[in-house]
Amino acid sequence: MRATTYLGKDLVGLEPLDPRQIIAILDTAEAFKEISERPIKKVPVLRGKTIVNLFFEPSTRTRISFEFAEKRLSADTVNVAASGSSVQKGETLVDTARNLEAMRIDMVVIRHSSSGAAQFLAERIPSNVINAGDGRHEHPTQALLDMLTIRDHLGRLEGVRVCIVGDILHSRVARSNIWGLKKLGAEVAVCGPRTLLPADVADLGVHVFTRVEEAIEWAEVLNVLRLQLERMQAGYIPSLREYNRIFGITRERVERAPRDLLILHPGPMNRGVEIDSDVADGPHSVILQQVTNGVAVRMAVLYLLAGGAPETAEAAKQGGGE
Amino acid sequence: MNPRPILLKGGRVIDPSQGIDDIRDVLLVEGAVAGVDREISPPEGTEVLRVDGLVVCPGLIDVHVHLREPGGEHKETIATGARAAAAGGFTAVCAMPNTDPPIDDPAAVGFVFAEGVRAGAARVFPVGAISVGLKGERLTEVGEMVDAGAVAITDDGRPVSDAGLMRLALEYAQTFGIPVATHSEELSLSRGGSMNEGLVSSRLGLTGIPCIAEEAMIARDLLLAEYTGGRLHIQHVSTRRGVAMIREAKARGVAVTAEATPHHFTLTDEAVEGYRTNAKMNPPLRTAADVEAVREGIADGTLDTIATDHAPHHYDEKEQAFDDAPFGIVGLETALGLAITELVDRGVISLPQLVERMSCAPARAFRLPGGTLRVGSPADVTVFDPSAEWIVDPSRFLSKSRNTPFGGWRLRGLPRYTLVGGRIVWSAAEGGR
């Protein structure tokens, strides 16, 4: 087994972390933001480390963000996508993992359609495992970048009222945000049609709104989730048009809010469905800053899981060489 | 050839069918019970087994097992399943028909029956399918299957979604006096689910199977049984409302019997935590309130039968992401220990009630020989030590599969001898654990 790091061996989710660990990731990310602003965006923090990006589900943003984070820290990376690999030939998850492990890798970033897949892998290989989204369970780095973005703008997380709007039932982003935000003292609410809220959702310690107007009345921050077309086909909502009419974040609704809202969206957006273009592109939107912060957060997670300490992050990124 | 007579001497004989709970000797001659009395002097040539401190009872019967043959021989065969049953103290099991191909005609029933006899361990009673190919469309040749040895019909594993077909099954089966056993699940409410719907499924991000999926179907089947007068056997009841509805139906006089499994009276959905695929079964593990209700149902006889739903799977089938792993766990070799540890030791039921739920009631429900030590009945006897402690070690199971959530558990209650037709088919001394 590897030496235990500040975060433990793996980052499977935010539920098992304590507040101190989450703050350490955010603070480390804060220090690492600057690397991406340099003309030469590379520091030798992970030189010689081998990282496999194992994506069993299609992903553009998250995969590229991880890859940039890895490369800017000088790690050697390999991307494995499910299509065109042995996975498509029926190889099991455990066999894929063991084969990669046999090539002596250091870390695996995994995206998988089954809840629990990241933990499954983490329990079976000695490499550090980072969950890049497992089914409907967790997507910890997304929630961390959301939290960093909120902190950037409001200067705090404690006491901030964040409402997650949309398909909570199928959302790993929602679950990770709920755990992370609550651990740092934020108030969390969810809002969506009852068909897209999980069973006993209030028992997760969140407020529940069924009308988006009430949510906007309450919230300082809206995190607007993508509504997947399949949900309509499966009958959870009657039509995208109706969804937009009743739950869509429109300019009228945002302007009627009692205070300035901060609008987040994990992407990719369905413009005109869960969010209108003039909101997404408007003054309240911090959607592109989320993307920028994503790279810093992932660098922080990689650095900490490789054994780095939060307090030496500043020093680590200064070193041009050994 | 008949074995030589056996005298079980000095044990605590518990036979609820005759109201016996006393120190008695039990004499078995030519495959039948020849006497239950104080101080029987053995005829010449009798093998005398001292069973002081042990319980001697009518052989345990499990009316719900999956032996996987034909088609799933890598998980279990009729022979290995029958031996696992004997090692668990069972003298008879009822084999479910959801094999590949399914047991839906007299030839297939005959195959299961013959393989059971050939195994020479616990008796294997075949259960035939309700519908051809388990497709839920039209009735099988129930009469011919009964002639070939089927003791009940069920589409277990797949609910009978078509209420009209279920009505026909409950009516048609009356001709032969057999029960219709049901896996009660409304698929339109459970589709895609892999665990109980509730807070734990919401946290883990797994699709839930709500209690209502089971209860809606139990309600329908109870009404159909009441309407048709057919004999309904509800398998693996897991929910509080399910227990309550069966209790009410029994009070109304509906001809219904019902099972509880050891896992449903022992574990809650929190056992899934960590995505443990050996806690994945259908119906799923429910909440503490449901476990409590199942225990109450066992205590008051609403759930008259304890059955395992023994569902062997090869280890690499369970070694997958939770959604991808199959439903079910093995149960034959842990059932008695769990029933004593979780029910008797906790004061839910007495030992005589345990024998009633695991032997007498299942024999009555499926009209099987056994379930009694009356003179002349088959010499199917279980001898167990109610206070022996042991630790569950799945690697020592006689079953081909090891998919149990109870590995490492410390249990009380261990079978010592399993006798079928007056022959010792398993003994702790030889089988070892």
Side-chain angles (χ1 to χ4, degrees), chain A residues 12-16 56-57 87 90-98 110 112-124 131 133-140 167-176 178-179 182 190 196-206 208 230 234-236, chain B residues 74 187-215 239-240 268-280 284-290 313-327 403 405 407:
Chain A
V12 167
L14 297 190
E15 190 184 3
F56 292 90
E57 247 186 8
V87 176
E91 186 171 78
T92 63
L93 179 54
V94 67
D95 284 336
T96 304
R98 284 182 186 145
I110 178 176
H112 198 283
S113 59
S114 292
S115 300
Q119 182 170 341
F120 179 92
L121 194 65
E123 287 169 359
R124 283 163 182 80
N131 184 5
D134 63 325
R136 309 164 175 195
H137 176 227
E138 285 224 40
H139 189 354
D167 179 5
I168 312 296
L169 179 64
H170 300 96
S171 177
R172 50 198 175 210
V173 175
R175 283 172 182 73
S176 286
I178 290 169
W179 300 126
K182 284 178 56 67
V190 296
L196 290 173
L197 298 180
D200 300 333
V201 64
D203 292 342
L204 297 175
V206 298
V208 180
E230 303 96 90
Y236 288 98
Chain B
H74 62 297
L187 288 174
S188 65
L189 290 168
S190 65
R191 199 162 280 131
S194 58
M195 71 169 293
N196 181 49
E197 180 172 291
L199 183 58
V200 180
S201 69
S202 291
R203 282 185 38 240
L204 294 177
L206 293 169
T207 305
I209 300 173
C211 289
I212 186 73
E214 182 174 341
E215 293 156 355
T239 81
R240 186 171 55 80
T268 68
D269 58 358
E270 287 176 12
V272 175
E273 205 72 59
Y275 302 95
R276 302 294 158 220
T277 55
N278 281 336
K280 179 174 176 178
L285 299 172
R286 306 285 188 185
T287 66
D290 296 300
H313 291 293
H314 198 245
Y315 78 90
D316 56 11
E317 295 167 317
K318 281 286 195 181
E319 182 83 349
Q320 296 195 72
F322 196 86
D323 276 336
D324 299 329
F327 290 105
N403 50 310

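Numbers restart at 1 for each chain; the letters A, B, ... are given by sequence-line order, proteins then strands.
In this structure, a donor-acceptor pair under 3.5 Å is absent between the side chains of B:S202 and A:R175.
Of the atoms belonging to A:R172, not a single heavy atom falls under 4.5 Å from chain B. With a threshold of 4.5 angstrom between heavy atoms, B:R276 approaches chain A through side-chain atoms but not through N, CA, C or O. With a 4.5 angstrom heavy-atom cutoff, A:E123 touches chain B only via side-chain atoms. Of the two parts of B:D324, only the side chain, counted from C-beta on, holds a non-hydrogen atom closer than 4.5 Å to a non-hydrogen atom of chain A. In this structure, chain A has a heavy atom under 4.5 Å from the backbone of B:Q320, while its side chain stays farther away.
The most heavy-atom pairs under 4.5 Å with chain B, out of A:S113, A:P198, A:G116, come from A:G116. Interface summary for chain A: among B:G274, B:P210, B:G208, the most heavy-atom pairs under 4.5 angstrom belong to B:G274.
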Mind running side chain to side chain contact (heavy atoms under 4.5 Å, CB included) on A:S115 and B:L206 for me, showing each step along the way? CA-CA 6 Å; A:S115 300; B:L206 293 169; 3.7 Å; yes
Report the C-alpha distance between B:T207 and A:R136 in whole Å, list the side-chain angles of each, state the deciding distance to 0.1 Å, and finish with yes or no for side chain to side chain contact (heavy atoms under 4.5 Å, CB included). CA-CA 9 Å; B:T207 305; A:R136 309 164 175 195; 2.9 Å; yes
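Distance check: B:T277 OG1 to A:F120 CZ gives 8.0 Å after rounding to the nearest 0.5 Å. In this structure, CG on B:L204 lies 10.0 Å from CD on A:E138, to the nearest 0.5 angstrom. Considering CG of A:D134 and OH of B:Y275, their distance stands at 5.5 Å, rounded to 0.5 Å.
When all heavy atoms are compared, the tightest approach of B:R203 to A:W179 is CG-CZ2, 3.8 Å. The minimum heavy-atom distance linking A:D200 with B:L199 is given by the pair OD2-N, 3.1 Å.
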